[in-house]
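Source: prediction; values computed, not measured. Numbers restart at 1 for each chain; the letters A, B, ... are given by sequence-line order, proteins then strands. What's counted below: heavy atoms across the whole structure, side chains too, no hydrogens, waters or symmetry copies.
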There are 2 protein chains.
Amino acid sequence: MEAEGEPGSERRRTSATAAVTLSEVASRAGVSVSAVSKVLRGTAAIRVSPETRQRILDAAQELRYRPNFAARALQAARTQVLGLVVPDLTNALFTELMHGVEDGAAAHGYTVLLGRLDTDRPQTEVIARLLGEGRVDGLVLQATDGVDPDSLDQLLDPRAAVVLINSVASGRASSVTVDDVGGARTATEHLVSLGHTRIALAGGLPTSYTAQRRRRGHQEAMRAAGLVPREDHETALGYTAEQGREALRRLLRLDPRPTAVVVANVNAAIGLLAEAHAQGVDVPGELSVATVLDSWTAENTWPPLTAVRMQFYAMGERAVASVVRRLEDGAMTEEVVLDPPPELVVRGSTVPPRT
Amino acid sequence: MEAEGEPGSERRRTSATAAVTLSEVASRAGVSVSAVSKVLRGTAAIRVSPETRQRILDAAQELRYRPNFAARALQAARTQVLGLVVPDLTNALFTELMHGVEDGAAAHGYTVLLGRLDTDRPQTEVIARLLGEGRVDGLVLQATDGVDPDSLDQLLDPRAAVVLINSVASGRASSVTVDDVGGARTATEHLVSLGHTRIALAGGLPTSYTAQRRRRGHQEAMRAAGLVPREDHETALGYTAEQGREALRRLLRLDPRPTAVVVANVNAAIGLLAEAHAQGVDVPGELSVATVLDSWTAENTWPPLTAVRMQFYAMGERAVASVVRRLEDGAMTEEVVLDPPPELVVRGSTVPPRT
DNA sequence: GTGAAAGCGCTAACAT
DNA sequence: ATGTTAGCGCTTTCAC
């Protein structure tokens with residue numbers, strides 16, 4: 001606002017690409033770069049007279065000064081960027097996680113860089129590039145579900161700030177996990193409380209860490225209710241809609257059929273439900289369906305799916321908090337998101353069994 | 001591999017955080033930094049003897065050298081990062097777009113930084129920061145649907161490399177748009193071809209650019225079939241599931257009722273379908289439902305939704321191609337993705353009208 | 001209170 | 001064919 005120094009015409013000079021630099025601000029304010037630097041970033045605001053300070057602020061303002069990201073990053077050896085690496089961008093669930101990561105990152109002053117996990121190129125490469133080239137300060141990494149934990153172990157530099165999502169590598173990386181056991185337990189308990197006794201489980205792949213934990217939760221709830229989890233009532237096909245469909249087909253071959261099923265994943269549950277329609281199976285009349293994991297899609301199926309909301313958003317936030325902590329005081333932690341507990345949302349797909 | 005120069009002990013010095021630099025490689029190979037720089041980035045590979053070259057390559061290899069991102073970015077005034085800014089990370093459709101952007105970016109040697117669009121903070125700020133601080137070279141920007149085009153106009157620096165998704169700002173930014181007109185037309189044509197004549201439209205907000213275009217497509221198809229689009233057969237409530245439900249309620253009050261409806265968005269269609277169930281309306285018996293925009297969720301509803309796949313993935317790819325072009329030869333373009341045309345996917349929710 | 005200068009790691013123009 | 005050097009824009013001692 002203050003007219004000062006240079007003629008007005010000079011101002012318009014700043015062209016398209018040419019960004020305003022610190023020294024331009026300095027010369028406009030008639031001070032040194034270091035003074036500008038100090039003032040602009042608040043450091044040692046003290047050792048500058050109020051007038052100089054104001055002059056600098058004005059100059060920066062008028063010139064629309066923006067600190068150059070690369071220069072700062074180079075100097076600080078910090079980018080304030082976190083990498084988010086996931087196997088499948090198209091998954092509706094990942095969306096929630098990403099959202100949590102995004103919000104968490106913003107809250108801590110970081111931005112998020114998306115990492116690609118090519119199926120072909122080894123995950124190692126991605127990680128090495130992101131971290132090794134200093135493109136990011138830390139990494140939130142969701143390994144492909146069902147990936148060999150040992151190989152994961154291999155590729156993790158224990159000194160790097162990486163947090164694993166829904167898998168663990170003790171001593172090599174931090175981890176944040178959703179409460180899979182509790183989630184599955186909740187779903188099964190709900191079915192039990194409705195009076196079901198023949199409760200099947202449409203689970204994920206046996207190699208999957210989350211699938212194992214959800215299975216455990218299911219079995220715990222069964223046993224707690226005095227029921228015996230039956231081997232043939234369990235499938236372990238996977239988390240996709242198609243795999244959910246296949247799970248239903250298998251369950252239908254059983255005699256007697258289960259009266260209820262816990263599906264370990266919404267996507268699979270939606271597929272299973274669609275297949276039930278296709279096969280003329282009445283849900284919930286003949287078969288109650290409860291799913292672990294909720295998403296908006298679950299409430300718009302017919303009947304709407306009873307689901308257990310898992311805290312993916314919170315997990316994303318925690319994951320960021322975890323890397324940031326690691327970055328700041330080197331702490332490596334393993335955490336299960338228990339706090340907002342898995343939340344049962346009863347909708348139309350579950351009712352008491354027919355008598 | 002070549003034992004050369006420094007004692008072996010020296011090697012292990014490199015600690016956790018300390019990244020290997022060019023000069024370390026240089027001294028290990030016994031050459032100058034510039035030689036290493038040239039060789040490692042392939043430039044002028046010529047003016048170096050094969051032996052030196054090999055020595056450098058080996059040294060870099062052994063030291064696991066990685067070029068520092070910030071240093072390169074500073075020097076080149078380029079980050080090879082593209083910003084992706086969208087209003088809602090949680091939208092299933094955005095997911096496809098993001099995927100296309102990701103793939104496109106990777107193909108062009110860029111990575112993707114997620115931009116936040118706080119509802120509170122002005123979009124200006126986000127853009128200014130990302131571009132102004134040089135965190136990204138260009139921007140793929142999806143303005144909030146229904147945002148005032150003029151205000152968008154305001155905040156766009158016409159010199160910046162930004163491409164708009166599904167909205168336009170002629171002369172200020174490039175744009176890539178999905179074929180909304182064609183998509184809606186296709187959906188309506190399908191219904192017409194089944195023999196429907198009372199075809200309603202559950203549209204998006206009137207201010208929305210896409211909604212306007214989809215409405216146009218619908219009307220075009222109606223007129224082409226000799227039908228008159230009726231004002232009272234159109235709602236313009238919005239794209240969410242809840243708004244789809246409301247649209248159905250309104251349509252049900254009509255007399256005579258439409259026998260078919262084109263919904264301008266999957267999410268709304270899913271809501272509309274769920275509401276139909278809730279109201280005991282038989283789909284497709286009493287009402288055929290076709291939706292513009294497809295997603296995997298549409299095929300798992302009951303009945304599965306007939307939908308028109310819009311090319312969001314392709315749009316993402318094109319958007320990246322567009323920014324890259326702009327970055328390289330300054331070209332500003334406006335493009336409609338016509339090439340993979342909107343694709344009709346007939347599923348169970350549409351049948352001929354009852355006689 | 002303010003400024004000069006070194007240096008973060010890299011590239012490119014310019015010697016040799 | 002190889003090396004020297006001057007920055008890129010910023011932060012940060014260290015002098016004055």
Whole angstroms only, please: what is the CZ-C1' distance between A:Arg78 and D:dG9? 20 Å
Base, sugar-phosphate or nothing for A:Arg66? Non-hydrogen atoms, less than 4.0 Å. sugar-phosphate
How far apart are the closest heavy atoms of A:Ala59 and A:Ala29, and which atoms are they? CB-CB, 3.9 Å
Is there a donor and acceptor pair closer than 3.5 Å between the side chain of A:Lys38 and the base of C:dG1? no
Both A:Ala71 and B:Ser32 contact DNA chain D. Which one's nearest nucleotide lies toward the 5' end? B:Ser32
Is there a donor-acceptor contact under 3.5 Å from the side chain of B:Ser32 to the main chain of B:Ala35? yes
Interatomic distance where CG belongs to B:Leu40 and P belongs to C:dA12 [whole Å]: 13 Å
If you find the nucleotide of DNA chain C closest to B:Ser34 and the one closest to A:Val33, which residue's nucleotide is nearer the 5' end? A:Val33
Determine yes or no for a side-chain-to-main-chain donor-acceptor pair under 3.5 angstrom, with B:Gln80 supplying the side chain and B:Gly109 the backbone. yes
B:Thr333 side chain vs B:Glu335 backbone, donor-acceptor pair below 3.5 Å: no
For a quick check of understanding: with a heavy-atom distance under 4.0 Å over all strands, which category does B:Thr21 fall into, base, sugar-phosphate or nothing? sugar-phosphate
Using whole Å, what does the distance between atom P of nucleotide C:dG9 and atom CG of B:Asn68 come to? 7 Å
Rounded distance in Å - CD (B:Glu24) to P (C:dC8): 11 Å
Does any donor-acceptor pair link the side chain of B:Gln75 with the base of C:dG9 at a separation under 3.5 Å? no
Spacing of B:Leu22 atom CG relative to C:dG7 atom C1', expressed in whole Å: 16 Å
Main chain of B:Leu82, side chain of B:Asp137: is a donor-acceptor contact present, judged purely on distance under 3.5 Å? no
Identify whether any heavy atom of A:Phe69 sits under 4.0 Å from a base atom; if not, whether one sits that close to sugar-phosphate; answer base, sugar-phosphate or nothing. nothing
Spacing of A:Gln54 atom CD relative to C:dG1 atom P, expressed in whole Å: 17 Å
Would you kindly give the CZ-to-C1' distance between A:Arg72 and D:dG9, to the nearest whole Å? 10 Å
Short side-chain N/O contact to C:dA12 OP1/OP2 from B:Arg41, under 4.0 Å: yes
Which residue lies more 5' along DNA chain D, comparing B:Glu51 with B:Leu74 via nearest heavy atoms: B:Glu51
